[in-house]
Amino acid sequence: MSSLSGKVQTVLGLVEPSRLGRTLTHEHLTMTFDFCYCPPLPCHEVTSQEPFMLKNSYWIQKNPYSHKENLQLNQEMEAVREELLNFKSKGGGSVVENTTTGISRDVQTLKQLAEETGVHIISGAGFYVDATHSPETRAMSVEQLTEVLVNEILHGADGTKIKCGVIGEIGCSWPLTESERKVLQATAQAQVQLGCPVIIHPGRNSSSPFQIIRLLQEAGADISKTVMSHLDRTILDKKELLEFAQLGCYLEYDLFGTEVLTYQFSQDIDMPDDNKRIRRVRFLVEEGYEERILVAHDIHTKHRLMKYGGHGYSHILTNIVPKMLLRGLTQNAVDKILIENPQRWLTFK
Ligand SMILES: [Zn+2]
């Protein structure tokens with residue numbers, strides 16, 4: 001048992017879990033995503049270099065990773081602050097900020113946003129996908145990586161005294177790389193020491209979440225305190241989803257608001273729309289998993305902010321919850337998904 005036991009650790013310090021309120025469990029408030037830039041088709045090169053305008057906003061919505069400026073969410077602190085205030089006014093309480101090493105985590109900015117808005121912000125420890133690992137990260141042993149993770153939670157991240165409150169999102173590719181495997185093993189070891197919440201970004205293949213849970217289990221992790229993100233784009237088959245749900249981790253539908261014809265990172269995947277996500281969530285509730293479901297938007301680019309015509313961080317509270325109720329989810333189930341489940345997950349053992 002650590003000194004954090006029974007508490008949630010935000011960027012402003014420890015809080016009682018009951019204070020979190022409605023919680024988005026997978027968001028980014030400041031980060032960069034340049035490493036995921038997708039060169040546009042030759043006929044779209046001019047558009048991809050234009051600044052944001054109404055006449056290109058549809059194109060950017062559908063080709064978000066081909067517009068360089070769109071990948072710099074770290075330039076939007078003012079807009080994000082306004083959105084957090086809006087989120088709070090709509091009944092929101094907390095945001096888990098999943099930005100890890102490799103995509104420009106900035107805990108100072110997170111602290112400032114928390115102070116200025118009163119929204120609880122929980123920051124993520126650890127490393128994003130292999131493509132962002134530095135040579136130093138790759139060279140570390142599992143023990144050294146474990147030490148980094150434990151330090152970010154007990155002492156502070158990026159040379160500050162601002163502490164992380166979860167491990168993740170831990171980035172995994174498909175196929176999983178050697179460096180990612182070490183980070184997963186370190187994640188399990190750090191979790192054994194600290195009893196902390198863990199959140200994983202799986203590779204884009206339905207076998208990836210299964211492989212990750214197996215690996216974490218073998219390394220001693222507590223699967224009941226682990227979240228598998230991005231299930232919306234990862235496990236599309238219902239039977240396979242139920243098989244995965246039995247493993248006992250949290251099941252996260254965190255791409256609410258993303259509705260695209262072509263998913264730029266995988267032509268093989270037909271990204272579901274929000275109605276499909278709601279139906280999936282209802283299906284899992286009907287199958288008895290309402291205590292395991294979490295939801296979020298995973299905002300990581302500018303175009304999803306309201307300032308640029310996007311849905312913003314309040315989309316779930318203002319648009320998705322009413323539709324969930326209309327489609328037969330009970331208020332009780334919605335409260336579990338937005339309040340009780342995040343609270344249980346985020347509390348240190
Ligand atoms: Zn994310």
Side-chain angles (χ1 to χ4, degrees), residues 11 23-38 64-65 70-74 76 80 83-84 87 94-107 109-110 113 121-133 152 157 164-174 180 183-184 187 197-205 208-209 212 226-235 249-260 263-266 269 271-272 277 293-305 310-313 315-316 342 345-346:
V11 291
T23 303
L24 301 171
T25 48
H26 194 134
E27 302 296 341
H28 302 268
L29 303 174
T30 172
M31 65 170 270
T32 56
F33 213 38
D34 327 51
F35 90 98
C36 273
Y37 177 71
C38 301
Y65 306 114
N70 192 34
L71 308 179
Q72 307 290 332
L73 188 62
N74 60 336
E76 298 296 337
V80 169
E83 287 228 14
L84 286 177
F87 170 68
S94 306
V95 171
V96 181
E97 216 284 2
N98 280 261
T99 307
T100 43
T101 302
I103 44 176
S104 311
R105 177 178 55 197
D106 178 358
V107 289
T109 294
L110 299 186
L113 285 168
I121 299 175
I122 295 108
S123 169
F127 302 88
Y128 198 54
V129 297
D130 183 285
T132 69
H133 290 186
E152 289 181 349
C164 298
V166 303
I167 297 180
E169 63 186 303
I170 294 299
C172 299
S173 310
W174 182 263
E180 289 168 345
V183 172
L184 282 174
T187 297
V198 163
I199 182 164
I200 305 290
H201 162 109
R204 292 180 184 86
N205 185 294
S208 175
I212 293 163
T226 300
V227 176
M228 190 56 67
S229 304
H230 314 325
L231 285 177
D232 1 16
R233 59 99 164 125
T234 314
I235 303 183
C249 65
Y250 285 97
L251 310 164
E252 192 175 73
Y253 283 76
D254 51 22
L255 298 168
F256 274 99
T258 296
E259 301 193 322
V260 288
Y263 181 40
Q264 286 189 282
F265 293 147
S266 174
I269 296 170
M271 179 67 84
R277 290 186 181 99
I293 305 164
L294 300 170
V295 293
H297 312 93
D298 190 18
I299 291 179
H300 52 277
T301 47
K302 293 187 184 191
H303 80 284
R304 298 176 68 195
L305 299 177
H311 54 76
Y313 296 94
H315 176 56
I316 288 179
W345 170 54
L346 288 165

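Numbering of ligands and ligand atoms starts at 1, following listing order.
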2.8 Å cut-off met by an N, O or S atom of D298 to the Zn ion (ligand 1): yes
Using ring centroids (six-membered ring only for Trp), state whether F256 and H315 fall under 6.0 Å. no
Of H300, H230, H297, which is the lone residue that meets ring-ring contact (aromatic ring centres under 6.0 Å, His included) with H26? H230
Under 2.8 Å from the Zn ion (ligand 1), is there an N/O/S atom belonging to H230? no
When you compare the side chain of Y37 with that of L71, does any pair of heavy atoms fall below 4.5 Å? yes
Taking the Zn ion (ligand 1) as the reference point, name the nearest N/O/S atom of H26. NE2
Any donor and acceptor pair, going by atom type alone, linking the side chain of R277 with main-chain N or O of P272 inside 3.5 Å? yes
Metal site angle (apex the Zn ion (ligand 1)), OE2 from E169 and NE2 from H28, 10 degrees: 90°
